[in-house]
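Working notes, beginning with the structure itself.
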Amino acid sequence: MRMYTENHNEMVAALAKDLRRSKTEAVLLETQYLMTDLKNMLNNLDSWAKPERPSKGFVNMLDDVVIYKEPYGVALVIGAWNYPLQLLLLPMAGAIAAGNVVVVKPSELAEASTQFVVEMLPRYLDNDAVIVVEGGPEETTELLKQKFDYIFYTGGTNVGKIVYAAATKHLTPVTLELGGKSPTYIDGTVNIEVTAKRVLWGKFINSGQTCIAPDYVLCSKEVQEKFVNAARNVLKEWYGEDPQKSPDLCRIINSRHFSRLQALIEASKDKIAIGGQTDPRERFIEPTILTNVKGTDKIMEDEIFGPILPIVPVENAYEAIKFINSREKPLTLYVFSTSKDVVANIVDNTSSGGMCVNDTVMQMGVETLPFGGVGSSGIGAYHGKTTFDTFTHQKSCLIKNFSPIGEKLGSIRYPPYSDKKLNR
Ligand code: NAD
């Protein structure tokens with residue numbers, strides 16, 4: 001905690017350097033988030049780490065039945081660049097709290113944040129318990145050849161498969177926090193102004209470089225029209241006439257990702273309803289909304305991970321469910337509707353890592369909700385107590401005594417066997 005409080009300005013500065021992140025987003029989405037999580041952990045650690053005594057049956061009435069919380073041993077935590085502090089330090093703290101020693105590998109793409117971690121962790125933490133390894137794919141490949149007792153990886157699905165394959169060689173358990181295209185279904189029952197604000201905020205924080213950003217919208221043509229009109233007002237109110245001049249919009253992490261996003265806008269030129277401007281000198285991409293997009297369009301192939309929001313018209317919730325189920329299971333699924341039936345229908349008939357109804361991204365802040373993917377969006381989960389549990393082996397133990405009554409009751413298991421002893 002001291003590292004966070006004494007170096008708060010440095011953390012905010014590192015995020016500004018890497019992503020031109022505003023102070024508000026840096027505080028809300030990384031520094032404050034990290035501190036709240038740590039406080040929660042410190043307040044509850046004793047009860048989380050305490051041996052559990054689960055209920056027991058008649059046969060074990062005289063015995064102790066205990067689940068001990070055992071650290072795995074050496075954990076490897078590999079972080080991603082988009083929330084370069086939170087995604088690395090939050091699981092690291094959980095791994096330490098559970099009693100593990102940790103090797104942390106920050107993302108090489110977020111250079112200033114990596115520098116912060118490299119300088120600060122050795123100053124504040126036990127150097128025998130935590131070490132930082134810097135590097136990109138080559139160094140990580142070497143690292144993954146080692147035998148770890150737990151691997152926690154955050155990043156894209158393709159590299160997730162590489163990490164999983166490496167872990168399999170040593171039978172190392174993993175958590176894979178991956179990505180994917182998170183859909184957002186909006187029906188005609190909602191307050192469209194509030195819906196537009198909540199969807200656009202989730203999409204445009206960190207300039208769309210958020211694993212749980214709404215990737216695309218599914219709605220009817222009527223809702224699409226209302227949404228775009230509301231979005232136009234919201235974006236003008238938030239970012240002004242010239243969004244490039246707004247201090248509140250992040251920049252794209254590097255030129256490779258910038259070119260990828262620019263090419264997506266280029267390929268969707270005829271569908272731009274709002275935005276579309278780009279500037280390679282600053283790696284700036286204007287918040288962009290595309291309308292009447294088809295499921296087969298290029299923009300619908302991979303996770304966008306940038307400030308471009310395509311809207312795919314569907315007739316109704318049934319069509320939206322069909323569309324969602326025809327694709328990989330997403331990390332998050334957003335539904336905007338005041339109809340309990342529509343929400344229940346989507347909850348019951350789709351699969352996703354998590355869901356949020358009538359808002360975006362805010363589910364991440366609920367520490368009692370496990371956060372993770374399913375299928376190609378990930379394996380395992382963390383946040384709050386789940387982080388502690390993730391890095392903990394639950395060692396179950398039956399403790400017997402030598403009481404003559406217990407021995408007599410249990411003697412049925414000894415030979416010579418007989419039906420009489422079995423009582424049948
Ligand atoms: P990235 O490029 O930072 O890569 C992630 C990590 O993998 C880095 O530490 C990197 O050094 C390492 N790496 C890269 N190539 C490797 C290789 N060939 N072998 C071994 N290690 C390698 O991040 P990214 O993958 O661009 O991150 C973006 C993706 O991460 C998006 O898909 C996003 O949705 C996902 N993500 C998921 C979550 C989540 O919590 N589920 C959070 C953030 C990002």
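In the displayed structure, M1 atom CE is contacted under 6.0 Å by more than 12 heavy atoms of other residues, nucleotides or ligands. Dense packing is recorded around CD of Q262, with more than 12 heavy atoms of other residues, nucleotides or ligands lying under 6.0 Å away. The environment of OH in Y124 is crowded: more than 12 heavy-atom neighbours from other residues, nucleotides or ligands sit within 6.0 Å. Residue K181 qualifies as enclosed at atom NZ: its count of foreign heavy atoms under 6.0 Å is above 12. For NZ of K294, the number of neighbouring non-hydrogen atoms (other residues, nucleotides, ligands) closer than 6.0 Å is 12 at most.
At a threshold of 4.0 Å, the pair K69-D389 does not count as salt-bridged, since none of the basic side-chain nitrogens sits closer than that to a carboxylate oxygen.
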Show me the donor-acceptor pairs within less than 3.5 Å that the side chains of residues 158-172 make with the rest of the protein, sequence neighbours left out.
from, atom 1, to, atom 2, distance (Å)
T168, OG1, Y164, O, 2.7
H170, NE2, K145, O, 3.1
T172, OG1, F148, O, 2.8

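In this structure the side chain of I321 reaches within 4.5 angstrom of the side chain of N345, judged on heavy atoms. The shortest distance between side-chain heavy atoms of L89 and M3 falls below 4.5 Å. Counting heavy atoms from C-beta outward, Y216 and M300 have side chains that approach closer than 4.5 Å. Between L249 and F284, the closest side-chain pair of non-hydrogen atoms falls below 4.5 Å.
Judged purely by atom type and a 3.5 angstrom limit, E119 has no side-chain atom pairing as donor or acceptor with the backbone of F116.
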Pair N233-E193, side-chain hydrogen bond (donor to acceptor under 3.5 Å, both in side chains): steps then yes or no: CA-CA 9 Å; N233 295 333; E193 281 77 27; over 6 Å; no
What do the steps show when you test S339 against D341 for side-chain hydrogen bond (donor to acceptor under 3.5 Å, both in side chains), and what is the final call? CA-CA 5 Å; S339 158; D341 286 346; 5.1 Å; no
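Going from atom CD1 of I151 over to atom NZ of K105 covers 13.0 Å, rounded to the nearest 0.5 Å. Atoms CD1 and NZ, from I265 and K298 in turn, are 14.0 Å apart once rounded to the nearest 0.5 Å. Here the CD atom belonging to E111 is positioned 8.5 Å from the CD1 atom belonging to I253, to the nearest 0.5 angstrom.
Each of D215, V199, T184 was checked for a side-chain contact (heavy atoms from CB on, under 4.5 Å) with L309, and the lone residue meeting it is V199. Looking at V190, I186, T195 one by one, the single match for side-chain contact (heavy atoms from CB on, under 4.5 Å) with C219 turns out to be I186.
Screening residues 9-18 for side chain to side chain donor-acceptor pair (under 3.5 Å) gives D18-S113 as the qualifying pairs, with residues at least two apart or on separate chains.
There is a side-chain donor-acceptor pair under 3.5 Å between D279 and Q244. Under 3.5 Å, the side chains of T210 and Y83 contain a donor-acceptor pair of N or O atoms.
Note: F152 and Y382 have perpendicular aromatic rings, judged against thresholds of 30 and 60 degrees for the angle between ring planes. By the 30° and 60° cut-offs, the orientation of the rings of H383 relative to F371 is parallel.
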